[in-house]
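Notes follow the structure.
Throughout, numbering of the chain's residues begins at 1 and tracks the sequence. Counting starts at 1 for both ligands and their atoms, following the listed order.
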Amino acid sequence: MNFETLAVHAGQPPDPTTGAVMTPIYQTSTYAQTRMGEAAYDYARTVNPTRNALQDCIAALEGGAHGLAFSSGMAATDTVLRLLKPGDHLLASNDVYGGTFRIFTKVYADYGITFSFVEMSDLDAVRNGIQPNTRMIWVETPTNPLLKIADIAAISSLKGAARLVVDNTFATPYLQKPLALGADIVVHSTTKYLNGHSDVVGGAIIVNNEADFTRLKFLQNAVGAVPAPLDCFLVLRGLKTLPVRMERHCSNGLTIAQFLEGHAAVERVIYPGLCSHPDHAVAAKQMCAFGGMISFIVKGGPDAARRVAEATRIFALAESLGGVESLIEVPAAMTHMSVANSPLAVDPALIRLSVGIENVNDLIDDLRQALA
Ligand code: P1T
C-alpha cells in the first residue's frame with residue numbers, strides 16, 4: 001500500500017468486537033485473566049491495544065519492522081541511549097534540539113558515556129569523529145534549529161560498528177525514510193508533525209533489527225515512559241492527515257522562505273528547499289520536499305529578532321513545531337537555552353518559524369507587518 005493509505009489504515013483494522021471504524025481508546029490499567037500467566041494482555045504499562053495500533057501505524061509509515069511509542073520525544077531518546085554502556089562514545093550533529101544536547105551532556109555524561117559533536121554535512125569530519133569506541137551516531141536532518149542536512153546514506157556507509165540513529169522529527173516519514181537510507185533506528189517527537197495538532201506530547205522509536213527491538217521493548221516496559229491511551233488515539237488520528245498536512249506545510253514553507261529571502265530586513269534565510277542552502281542538493285536527493293521549518297536572521301541583532309517574534313499576530317510566539325498553526329520563536333532564548341555557552345550556541349538574532357497550514361498570503365502579510 002502507498003503512504004497515504006497506510007497513514008489512514010495501518011495497524012487499525014475495524015475493532016474485532018464491535019466493528020468500530022476508529023480504534024477504541026482502551027482506557028484501562030489492567031486486564032482480567034482467565035488462566036494465570038497466559039493472557040496476551042496483562043498490564044497496561046506492558047501492552048495496550050490503542051498503543052499497539054499507533055506503534056504499528058508509525059512503523060508502517062517509516063517502512064520499519066517495529067514501532068514503540070513513548071510519553072515524549074525525550075523519553076524515546078532516553079530509551080535509545082540506554083542501548084549504550086559506560087565507556088561508549090556517541091557522535092552527534094553539532095546542531096541538535098536543546099533537550100537532546102541536555103540529556104547527552106547533563107544526564108548520560110554522568111554514566112560514563114562520552115559525546116562529541118561534528119558537522120554532519122562534512123563527511124571527512126564524520127570519518128575523523130568516529131572513535132574506536134563509537135557505538136552510536138546521532139543525526140538530526142534537517143537539524144533543529146539551523147536546518148543543516150546530513151547525507152544519511154553516506155553516513156551509514158561510514159558507521160562501522162556504530163548504530164546510526166536519525167531523529168526524523170523535522171522531516172517526517174512522508175518526506176524522508178531514514179531506515180531505507182541505511183539508518184538503524186529512527187526516533188520521533190510525535191508531539192510535532194506526526195500528531196500535528198499541538199495537543200499531545202509523545203515520542204516513538206522505529207527499528208528493524210530484532211535484537212535492538214527486543215531490548216528497546218524490554219526498556220519501554222522496564223523503564224515505563226509509556227503514552228496514555230488517549231494520547232495514542234490522538235496521534236493516530238493526526239497521522240491520518242499527515243500526507244495532506246505535509247503537502248501544505250511544504251508549499252507554504254517554500255513560498256515564505258522565498259518571500260523572506262527577498263525582504264530587506266532579513267539578512268539570511270535558511271531553508272533546505274532554497275538553492276542558497278549549502279546542502280540543497282543532498283536535501284533534494286533524500287527528501288521528496290523540504291518541510292515547514294524555516295530559520296532566518298534579521299538585520300539589527302537580538303533586539304530586532306525579539307521585536308519581530310513579539311509582533312506577529314497569526315504566528316504565535318511559542319516553543320514546539322509541526323502543528324497546523326504557525327509558530328515563531330527565538331531559539332537562543334527559548335528552545336535552545338541549554339546549548340548557551342557551548343559550541344552549539346545559536347545566534348541570538350536567529351528566528352525559527354514553524355509554518356502552519358493557514359492561507360499563505362495571510363502568513364506573508366503577518367510577517368511583512370512584523371518585519372516592518
Ligand atoms: O518535546 P518532546 O516531545 O519530548 O521531543 C523532544 C524533541 C526531540 N527531537 C527534536 C528534533 C525536537 O525538536 C524535540 C522537541 N523540540 C521542541 C520542543 C522545539 O520547540 O524545538
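Less than 4.0 angstrom separates some heavy atom of G202 from each of these atoms of ligand 1: 3 (O). Close contacts between ligand 1 and E140 involve ligand atoms 11 (C) [criterion: under 4.0 Å to a heavy atom]. The ligand atoms of ligand 1 that sit less than 4.0 angstrom from a heavy atom of T191 are 2 (P), 3 (O). Remark: ligand 1 atoms within the under-4.0 Å shell around heavy atoms of R352 are 19 (C), 20 (O), 21 (O).
No hydrogens or angles considered: nothing links the side chains of Q220 and T79 as a donor-acceptor pair under 3.5 Å. Inspection of the D15 and Y26 side chains reveals an N or O donor paired with an N or O acceptor under 3.5 Å.
For atom 13 (O) of ligand 1, the closest heavy atom belonging to the protein is N144 ND2, 2.9 Å. Residue, atom and distance of the protein heavy atom nearest to atom 14 (C) of ligand 1 are Y97 CD2, 3.4 Å. Shortest contact from atom 4 (O) of ligand 1 to any protein heavy atom: M74 N, 2.9 Å. In terms of protein heavy-atom proximity, atom 1 (O) of ligand 1 is closest to K192 NZ, 3.5 Å.
With T50 contributing its side chain and P24 its backbone, the two residues share a donor-acceptor pair below 3.5 Å. Looking only at distances, no side-chain donor or acceptor of T335 sits under 3.5 Å from a matching main-chain atom of E319.
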Steps toward salt bridge (Lys or Arg N to Asp or Glu O under 4.0 Å) verdict (R307, D303): CA-CA 6 Å; R307 279 197 300 276; D303 290 344; 5.3 Å; no

side-chain hydrogen bond (donor to acceptor under 3.5 Å, both in side chains), that's the test. Do T190 and N195 meet it? Break it down for me. CA-CA 6 Å; T190 57; N195 178 54; over 6 Å; no

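Crowding of D124 atom CG: a count of heavy atoms from other residues, nucleotides or ligands under 6.0 Å exceeding 12.
Heavy atoms of G203 come nearer than 4.0 angstrom to ligand 1 in no pair at all.
Neither the backbone nor the side chain of E329 comes within 4.0 Å of ligand 1, counting heavy atoms alone. By the criterion of a heavy-atom distance under 4.0 Å, the side chain of L321, and not its backbone, is placed next to ligand 1.
Results of the side-chain hydrogen bond (donor to acceptor under 3.5 Å, both in side chains) test with T143 over D95, D167, N94 single out D95 as the only residue that passes. Between L371 and the choices V298, I351, T312, the side chain to side chain contact (heavy atoms under 4.5 Å, CB included) rule is met once, by V298. Just one of T114, N133, T134 meets the side-chain hydrogen bond (donor to acceptor under 3.5 Å, both in side chains) condition when paired with H89; it is T134.
Distances between N or O atoms of S189 and those of ligand 1 include at least one value under 3.5 Å. Checking only distances, H336 never comes within under 3.5 Å of ligand 1, N or O to N or O. Every N/O-N/O distance between T335 and ligand 1 stays at or above 3.5 Å. Here's the thing with E319: none of its N/O atoms is less than 3.5 angstrom from an N/O atom of ligand 1. Looking at ligand 1, you won't find any N or O of F170 less than 3.5 Å from one of its N or O atoms.
Considering only non-hydrogen atoms, atom 9 (N) of ligand 1 lies nearest to D167 out of V96, D78, T169, D167.
I149 has its side chain out of reach of S121: every pair of non-hydrogen atoms, C-beta onward, lies at least 4.5 Å apart.
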